[in-house]
Amino acid sequence: MSEETHPPAVQHMAQHVLNQLEEHRSQSQCSPSLRPTPLFVGVQGPQGSGKTFLTSRLRAYLSSPPYSLAVTVLSIDDLYLPHSGLQNLAESHPHNILFQGRGQPGTHDVPLGTSILKNLKGINEVDSGTVDIPFFDKSLFNGKGDRVSHGETVNGPVDIVVLEGWCVGFFPTSEKLVEERWKEPVPTLEPDIFDMKTFVSVDHVLAVNERLKQYVEWWNALDAFIQIKGPSSAQLSIIYKWRLQQEHNMKAKNGGKGMTDNQVKTFVDRYIPGYVFFGDGVTKGLSSGGGTETKQLPSWIGKGLSVTIGDDREFLYASNF
């Protein structure tokens, strides 16, 4: 596939990954006769932004000549707990809307993800074997989803591993900062669209915050990062528009099967607290007490690319962080 057929955003993403791969390989401590560990790249973007589409095009770009790189993509969506685990979580937190269904930190199988990332990190070693990537089928159990036995099997050697998802790179924060943000207006959203105080309690957010601490081990595996986001004037409000368009497009192709507009809004509502309380972790890392002091910067600072897209997902600009 020629470079001209790839969207501008993908071309910027690919060049960033190629630059990081070159640096990664130059710093490798392994023998010249052995392949270095794969470059691990995190990709984060909100619902409806096209991150999965852009990531698939990025993979196609890098795996085609003249690069011909071996690229593995692991979606955080495929690391959800099985249906029984999601049910148990929901039943043990009956009043916490954030745990009523998949999506939030706490609804993923962290030990499984840790094991897969560890095995992918060592897949270029001699006699490393294969790595099985799970698959979560969102259509099962009336849309609640379940993990199925079959997925992709990865054989080494691998050059690049991409971990993509809506909350990749989100860090836990302090109780004080959660309380402060809970009281503040939600950026770019009017109260009649989304009101944090009536939607969720501080304790419910802190329950997610506690579980997010387990994910830091995943983020520590990342060498580089790409963040896809909307214009600053509409970073949260535009998610509703994008996700609604996505649903309409799907229903136009499948004969009308899918969520109503109101159901789409309810779906997006459950994700908004994640962006408000934890989203700035991508650039700020793990913050402590006052919210300004930092305990841990992300491993990808200095190796991050921010891709800003417009209302219609058109590429606007890219910058490094």
Side-chain angles (χ1 to χ4, degrees), residues 1 5-10 13 43-61 73-83 86-87 90 97-98 100-104 107-108 133-152 162-168 188-189 193-194 226-231 234-275 279 307-316:
M1 192 177 288
T5 63
H6 289 281
V10 173
M13 292 165 68
V43 176
Q44 185 272 327
Q47 288 76 13
S49 63
K51 66 181 174 299
T52 302
F53 168 76
L54 292 173
T55 300
S56 67
R57 294 293 292 270
L58 174 67
R59 182 182 193 173
Y61 186 120
V73 176
L74 173 62
S75 171
I76 198 172
D77 286 2
D78 288 323
L79 296 176
Y80 283 128
L81 293 166
H83 178 70
L86 293 173
Q87 285 288 96
I97 193 172
L98 301 177
Q100 302 307 306
R102 66 180 187 268
Q104 291 289 337
T107 64
H108 301 89
I133 305 295
F135 175 68
F136 189 91
D137 188 341
K138 297 176 182 178
S139 70
L140 299 177
F141 290 96
N142 296 316
K144 293 181 179 179
D146 195 11
R147 186 186 304 158
V148 294
S149 58
H150 61 279
E152 181 184 358
V162 176
L163 177 65
E164 67 98 355
W166 80 276
C167 64
V168 170
T188 77
L189 287 177
I193 300 296
F194 183 88
I226 299 171
Q227 183 176 42
I228 302 161
K229 58 185 182 181
Q235 268 187 9
L236 294 180
S237 60
I238 203 169
I239 299 173
Y240 290 92
K241 175 184 175 181
W242 283 342
R243 188 59 186 81
L244 193 60
Q245 288 176 341
Q246 198 175 55
E247 196 72 13
H248 288 175
N249 289 340
M250 182 189 75
K251 290 167 72 174
K253 295 174 183 176
N254 70 11
K257 299 174 185 176
M259 292 186 281
T260 66
D261 289 4
N262 284 338
Q263 288 173 330
V264 171
K265 183 188 182 304
T266 301
F267 173 86
V268 174
D269 284 346
R270 287 183 56 252
Y271 290 88
I272 296 300
Y275 296 111
V307 176
T308 301
I309 56 179
D311 285 11
D312 298 315
R313 301 179 191 83
E314 75 279 12
F315 174 77
L316 295 181

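Quick note: numbers below take in every heavy atom, side chains included, and nothing from hydrogens, waters or symmetry partners.
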Would you please test V73 and S56 for side-chain contact (heavy atoms from CB on, under 4.5 Å) and show each step? CA-CA 8 Å; V73 176; S56 67; over 6 Å; no
Hey, can you tell me if Y275 and W166 have their rings parallel, tilted or perpendicular (30° and 60° cut-offs)? perpendicular
How close do G258 and M250 get, heavy atom to heavy atom, and via which atoms? CA-CE, 3.9 Å
Cut-off 3.5 Å, side chains only: do D269 and Y240 have a donor facing an acceptor? yes
For R270, what residues pass the salt bridge (Lys or Arg N to Asp or Glu O under 4.0 Å) criterion, not counting sequence neighbours? none
Is the backbone of I193 close enough, under 3.5 Å, to the side chain of K265 for a donor and an acceptor to pair up by distance? yes
Pair Q263-E247, side-chain contact (heavy atoms from CB on, under 4.5 Å): steps then yes or no: CA-CA 10 Å; Q263 288 173 330; E247 196 72 13; over 6 Å; no
Just to verify, what does W242 make a ring pair (Phe, Tyr, Trp, His ring centres under 6.0 Å) with, not counting sequence neighbours? none
Tell me if a side-chain donor or acceptor on R102 pairs with a main-chain N or O of K144 at a distance below 3.5 Å. yes
Closest non-hydrogen contact found for R313 with S49 is CD-O, 3.8 Å
Begin from the C-alpha positions of M13 and V307 and carry the test side-chain contact (heavy atoms from CB on, under 4.5 Å) through to its verdict. CA-CA 8 Å; M13 292 165 68; V307 176; 4.1 Å; yes
Can you confirm if the NZ or CZ of R243 lies within 45° of the ring axis of F267 and under 6.0 Å from the centre of its six-membered ring? yes
Ignoring hydrogens and geometry, is there a side-chain-to-backbone donor-acceptor pair from Q100 to A90 under 3.5 Å? yes
Would V43 and V168 count as a side-chain contact (heavy atoms from CB on, under 4.5 Å) if you check the C-alpha gap in whole Å, the side-chain angles of each, and the deciding distance to 0.1 Å? CA-CA 7 Å; V43 176; V168 170; over 6 Å; no
Mind checking whether F136 and Y80 have parallel, tilted or perpendicular rings, split at 30° and 60°? perpendicular
Taking salt bridge (Lys or Arg N to Asp or Glu O under 4.0 Å) as the test, write out the residues that go with D137, two or more places apart. none
Main-chain N/O of L236 paired with T188 side-chain donor or acceptor, under 3.5 Å: yes
